[in-house]
Amino acid sequence: MVIDRFTSCSRVKLIAKYYKVDARTGTREYMGTTTGIVQLFNQQYNNERSNRMFAKMQKGSVSYDWGWWDNFWTASGVDLTMIGNCWGDTTSCSATGSPITLDWQNWNSIGSWFYWNANSDETKGIGRDKIAAHGTHVELYTDSGVYQSESRASISRRLVRCDSASYIYADWPKGCVFLETIPRMMYSRAADPRAVAKSHDLVGALGRSCLDAMSVAP
């Protein structure tokens with residue numbers, strides 16, 4: 001769920017089907033399914049072209065359906081890797097941060113947040129404002145070892161728009177927002193004391209001009 005242009009959060013039920021993989025022949029035998037609740041938080045910034053993806057397994061949410069024997073002796077010891085990354089057209093996007101690999105038992109007990117950054121390359125932007133868009137997501141998978149997941153899960157997919165329009169507001173020279181939100185600008189009819197001191201109160205004048213335009217009878 002997108003809360004506002006800078007923040008989103010969600011909870012996703014992860015369903016991971018596992019197969020035993022023969023290292024010699026590559027044949028796969030279905031072993032069982034492990035489920036857990038992944039909690040996610042995504043934070044944009046209003047002063048840099050970057051966003052941070054947070055994720056963790058909800059403590060105590062993991063359950064196993066591998067058969068009574070393997071539920072106790074096998075499933076909890078299988079590794080699961082989690083990483084935040086770019087997705088879609090990644091021309092302008094690069095992610096930083098290492099994948100986190102723990103076994104399911106640890107994921108179920110620690111309840112710690114992990115995070116990764118997705119950065120927007122200003123040089124790949126378009127036009128005066130260097131506008132660029134990209135996607136972010138969190139991947140979860142087990143693709144090595146004896147027991148491997150059926151496929152990689154891609155959750156918390158978000159589209160992000162970044163720009164470097166430094167002329168709008170000096171304290172926010174660049175930043176990123178979620179594309180699901182509708183941008184809006186707020187103006188005040190009151191004079192900006194900082195601008196009045198310099199004899200060019202453009203923001204106050206623009207606010208008054210907008211009000212006048214909307215107040216004119218048709």
Side-chain angles (χ1 to χ4, degrees), residues 1-14 16 36-59 61 78-104 106-145 148-149 151-166 168-181 183:
M1 177 181 68
V2 174
I3 299 173
D4 56 38
R5 58 183 174 166
F6 295 125
T7 54
S8 73
C9 64
S10 59
R11 292 199 311 166
V12 176
K13 183 176 182 179
L14 176 66
I37 303 297
V38 184
Q39 296 176 288
L40 305 127
F41 181 77
N42 204 325
Q43 178 70 58
Q44 309 290 343
Y45 294 97
N46 59 18
N47 57 2
E48 58 182 274
R49 296 173 65 113
S50 180
N51 72 287
R52 180 162 287 183
M53 299 164 279
F54 296 84
K56 71 173 182 176
M57 190 71 67
Q58 181 175 310
K59 194 172 182 179
S61 69
V78 173
D79 286 341
L80 175 71
T81 297
M82 183 185 297
I83 186 172
N85 220 329
C86 307
W87 71 272
D89 183 357
T90 59
T91 304
S92 64
C93 181
S94 61
T96 59
S98 301
I100 306 299
T101 301
L102 300 170
D103 63 36
W104 277 94
N106 277 314
W107 280 118
N108 194 40
S109 62
I110 61 172
S112 299
W113 288 100
F114 298 93
Y115 67 85
W116 306 268
N117 291 335
N119 306 304
S120 174
D121 186 349
E122 192 174 68
T123 66
K124 299 297 195 315
I126 299 173
R128 175 184 62 173
D129 298 342
K130 301 179 176 64
I131 297 171
H134 62 265
T136 64
H137 68 156
V138 173
E139 291 183 282
L140 301 104
Y141 57 89
T142 307
D143 57 9
S144 62
Q148 299 182 20
S149 54
S151 60
R152 290 193 173 201
S154 171
I155 60 177
S156 189
R157 287 192 170 194
R158 297 293 179 205
L159 290 173
V160 178
R161 176 194 182 277
C162 302
D163 67 55
S164 299
S166 57
I168 297 293
Y169 188 49
D171 293 338
W172 298 355
K174 51 189 171 183
C176 299
V177 297
F178 291 113
L179 277 177
E180 292 105 314
T181 59

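Computed over heavy atoms, backbone and side chain alike; hydrogens, waters and symmetry mates excluded.
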Residues two or more places apart in sequence or in another chain: which of them pass side-chain hydrogen bond (donor to acceptor under 3.5 Å, both in side chains) with [X]?
X: Lys124; value: Asp121
X: Thr81; value: Thr101
X: Trp87; value: none
X: Asn47; value: none

Can you tell if the side chain of [X] reaches within under 4.5 Å of the side chain of [Y], non-hydrogen atoms only?
X: Trp107; Y: Met82; value: yes
X: Leu80; Y: Leu14; value: yes
X: Met1; Y: Cys9; value: yes
X: Phe6; Y: Val177; value: yes
X: Val160; Y: Asn42; value: no

For [X] and [Y], which heavy atoms make the closest approach, and how far apart are they?
X: Ala118; Y: Cys86; result: CB-SG, 4.4 Å
X: Asp4; Y: Phe178; result: O-CD1, 3.6 Å
X: Arg11; Y: Gln58; result: NH1-OE1, 2.7 Å
X: Tyr141; Y: Pro99; result: OH-CB, 4.3 Å
X: Asp79; Y: Trp104; result: O-NE1, 4.3 Å
X: Ser120; Y: Ala132; result: OG-CB, 4.0 Å

(request) Return each pair, listed once, that meets salt bridge (Lys or Arg N to Asp or Glu O under 4.0 Å) where at least one residue sits in residues 45-55; pairs must be two or more places apart or across chains. (result) none
(message) Filter on salt bridge (Lys or Arg N to Asp or Glu O under 4.0 Å), then keep only pairs touching residues 152-164, sequence neighbours left out; what's left?
(response) Glu139-Arg152, Asp143-Arg152, Arg158-Glu180, Arg161-Asp163
(request) Check the pair Thr136 / His134 against side chain to side chain contact (heavy atoms under 4.5 Å, CB included), numbers first and verdict last. (result) CA-CA 7 Å; Thr136 64; His134 62 265; 3.8 Å; yes
(message) For Asp129, give me all partners under salt bridge (charged side-chain N to carboxylate O under 4.0 Å, His left out), at least two apart in sequence or on another chain.
(response)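 Once residues adjacent in sequence are excluded, Asp129 has no partner under the salt bridge (charged side-chain N to carboxylate O under 4.0 Å, His left out) criterion.
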(message) If the condition is side chain to side chain contact (heavy atoms under 4.5 Å, CB included), which residues does Lys13 pass it with, not counting sequence neighbours?
(response)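 Applying side chain to side chain contact (heavy atoms under 4.5 Å, CB included) to Lys13 gives Ile15, Thr35, Ile37.
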(request) Kindly write out the residues that satisfy side chain to side chain contact (heavy atoms under 4.5 Å, CB included) with Thr96, not counting sequence neighbours, or none if the list is empty. (result)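 Counting only residues at least two positions away or on another chain, Thr96 forms a side chain to side chain contact (heavy atoms under 4.5 Å, CB included) with Asn117, Asn119.
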(message) Tell me every residue that passes ring pair (Phe, Tyr, Trp, His ring centres under 6.0 Å) with Phe41, counting only those two or more places apart in sequence or in another chain.
(response)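 Expected list: Phe54.
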(request) Please list, chain by chain and in numerical order, all residues satisfying ring pair (Phe, Tyr, Trp, His ring centres under 6.0 Å) with Tyr45, sequence neighbours excluded. (result) none
